[in-house]
> 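Got a structure for you, questions after.
Nothing here was measured: the structure is a model prediction, and the numbers come from that model. Convention: sequence-line order gives letters A, B, ...; per-chain numbering from 1.
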Amino acid sequence: MKNKQVAKLLREIGDLLELRDVKFKPYAYKKAAMAIESLSKDVSSIYKEEGLKGLKKISGVGQSIAEKIEEFLKTGKIKYLEKEKKELPVDIDELTAIEGMGVKKVQKLYKKLKVKSVADLKKAIKQKKIRRIAGFGEKSEERMLESMSFVKKTKKRMPIGYIFPIVSDLVKQLKQLKQVQKIDVAGSVRRMKETVGDVDILVATKNPKVVMDSFTKFKGVKRVIAKGATRSSVRLETGIQVDIRVIPLNIYGSALQYFTGSKAHSIAVRKIAMKKGYKLSEYGLFKGKKVIASRTEEEIYRKLGMQCPPPELREDTGEIEAAQKKKLPTLVNPKDIKGDLHVHSKWSDGTNTIKEMAQAYKKAGYKYIAITEHTGSLKIAKALDSKRLLKQVAEIKKINRQVPGIRILSGCEVNIKADGNPDISDKILKQLDIVVAAVHSGFRSNNTKRIIKAMENPNIDIIGHPTGVLIGKRAPYSLNFDNILDAAKSSKTALEINCFPTRMDLGTFHIKEAVDAKVMLAIGTDAHSVDHVRFMASGIGLARRGWCSKGNLLNTMTIERLKKWAR
DNA sequence: GCCGTTTTCGGCCCGACTGTTTTCAGTCG
């Protein structure tokens, strides 16, 4: 996937143009960057299939930007960008990562002090040179220095699965204030994005001051970045930034709509409002000075002639058109989920017994779980060989009698060897209810053939964490995903939505492609302890982001239908 | 640089907070 790289380069061009005070072009480049970043298809495959014409079909991409993308795909660089960079050799990315530093300030500091990097900036601050420049002062120096130490942390996005407990703790603290009339988490958390940069919380109250004062003093708050009557920002000890917005109850809907985003979705919706002669802001939908909708999101979208898209779809990747045509899909719901198809126990690298896991899932309302331990050649602690696997099958039969009300399926997470064969014999796999197969080695090679070979094995039901990505740690291995989808369809193999927080694999884009190709999907938490049962929530969110309906997921089947499907 | 069932030219989403200013530019979301 080249999309992220392309987006970054275009954004850099935008920044450089902004530095030079060029009008409007920066906006165009950044808009194009945003569109490419949220594209469901790889730009290089678009280019391969349809050439320059295909690139120009991307919203925000015209002749000039298309040519620059083409140049990058062919040569690995963009001459225009290299030239611009030579004239302004500034590490914009690094410098603007500092709180309160934007391109204009970077420009000023370069012109006046030849500041090119964070190191230069640090030196200039130490020499007290910054404060002598118009627009800067002693306080700016202080602020910059302070935020430099946070830069590394802030640039990192956190997996959503790890954000939930932190967020729910904050919400709980806020709910205890009697002044809080209504509260919601907005932003990327509400949209259930795989990773979260910062957390947005919306509160309705008649008494903003009390809410703001308490919030900025909550436990876990390390630093107050900004504090005002309607908006405050803090950084938690965990490094996460939390923004809180306080508004009166009568504009709750428009505020929630606005603060949920995404930015691309918000801009697109505002433009629809403009076309109808309205103005949309967080304060409501206006006709002239008259408010015509503000209490609920549904009301606003209705007045704009569209359905209200579920938050998970709000990325401007087709949901707006679908909402206008009243053709939004009915997304899968938590209550549709009957089972978890990827669970570990003490038998391999988990921390709880099978019985404990089953009881935890039963308590959470599940009808079945599949115990899927690591197998054979995998060097992970206590991987199961054929003998232990068969022993576990017998053991599970016993536990099934001890824990009524939930059905434990025998399975495994079999290792796909380099040649595409499983590292447990078919004779054994045949005796299991559900077989998840996954790649655990050879991350640097193209694994398309290997996975297709595995899918053609009739004993393999699900391909686990299909792209091998680890958030913030490992890039996905190279795959021809179109070929994977074809093979999944013809071999009737499901692809996993592994929602262990550091995996989130498949991700949004690939899920949507699988849904479009009518390939079955299976959510698996990859739970290694009873505390991991809750990861299902982000798995469902991820499935919804990929436009999954009930019918796209194995987990929504009854146990009878699932077993039939597996056979 | 991009875009258009009002436009192929003339516009580009909107508002809060901060630090520096004496009324606002820059940044952020």
> For the pair A/Tyr80 and A/Tyr29, name the ring-plane relationship: parallel under 30°, tilted 30 to 60°, perpendicular over 60°.
parallel
> Is there a side-chain contact between A/Thr230 and the phosphate of B/dC17, meaning an N or O under 4.0 Å from OP1 or OP2?
yes
> Rounding to an integer number of angstrom, what distance separates B/dG15 and B/dT8 when you compare their C1' atoms?
33 Å
> Which whole number of Å gives the distance between the C1' atom of B/dG19 and that of B/dC13?
25 Å
> Taking only side-chain N and O atoms of A/Ser140, does any of them lie within less than 4.0 angstrom of OP1 or OP2 on B/dT20?
yes
> Let me know, please, whether A/Arg143 or A/Lys68 comes out on the 5' side of the other along DNA chain B by nearest nucleotide.
A/Lys68
> Rounding to a whole Å, what distance do you find between A/Ile78:CD1 and B/dG1:C1'?
14 Å
> Given side-chain hydrogen bond (donor to acceptor under 3.5 Å, both in side chains), test A/Gln63 with A/Lys56 step by step and report yes or no.
CA-CA 7 Å; A/Gln63 185 67 26; A/Lys56 280 166 78 174; 2.6 Å; yes
> On the six-membered ring of A/Tyr110, is A/Lys114 placed so that its NZ or CZ lies under 6.0 angstrom from the centre and within 45° of the ring axis?
yes
> When the P atoms of B/dG11 and B/dC17 are considered, how many whole Å apart are they?
31 Å
> Using the side chain to side chain contact (heavy atoms under 4.5 Å, CB included) criterion, which residues pair with A/Glu82? Sequence neighbours excluded.
A/Lys77
> Select base, sugar-phosphate, or nothing to describe what A/Lys279 touches, counting heavy atoms under 4.0 Å on all strands.
sugar-phosphate
> In the structure shown, which nucleotide is the Watson-Crick or G-U wobble counterpart of B/dC17, with both distances under 3.5 Å?
B/dG26
> If you assign A/Gly135 and A/Ser281 each to the DNA chain B nucleotide with the nearest heavy atom, which residue ends up on the more 5' nucleotide?
A/Ser281
> B/dA16 phosphate, OP1 or OP2: any side-chain N/O from A/Tyr283 under 4.0 angstrom?
yes
> Applying a 4.0 Å non-hydrogen cut-off, can you work out what A/Ala32 is touching in the nucleic acid: base, sugar-phosphate, or nothing?
nothing
> Could you give the distance separating B/dT6 and B/dG10 at their C1' atoms, to the nearest angstrom?
14 Å
> To the nearest Å, how far apart are A/Ile69 CD1 and B/dG1 P?
13 Å
> Has A/Tyr27 got a side-chain N or O lying under 4.0 Å from the OP1 or OP2 atom of B/dC13?
yes
> Treat primed atoms plus P, OP1 and OP2 as sugar-phosphate and everything else as base, then score nucleotides 24-29 of chain B 5' to 3': B for base contact with protein heavy atoms under 4.0 Å, S for sugar-phosphate contact only, - for none.
--SSSB
> Over all strands shown, is A/Glu138 touching base, sugar-phosphate only, or nothing at heavy-atom distances under 4.0 angstrom?
sugar-phosphate
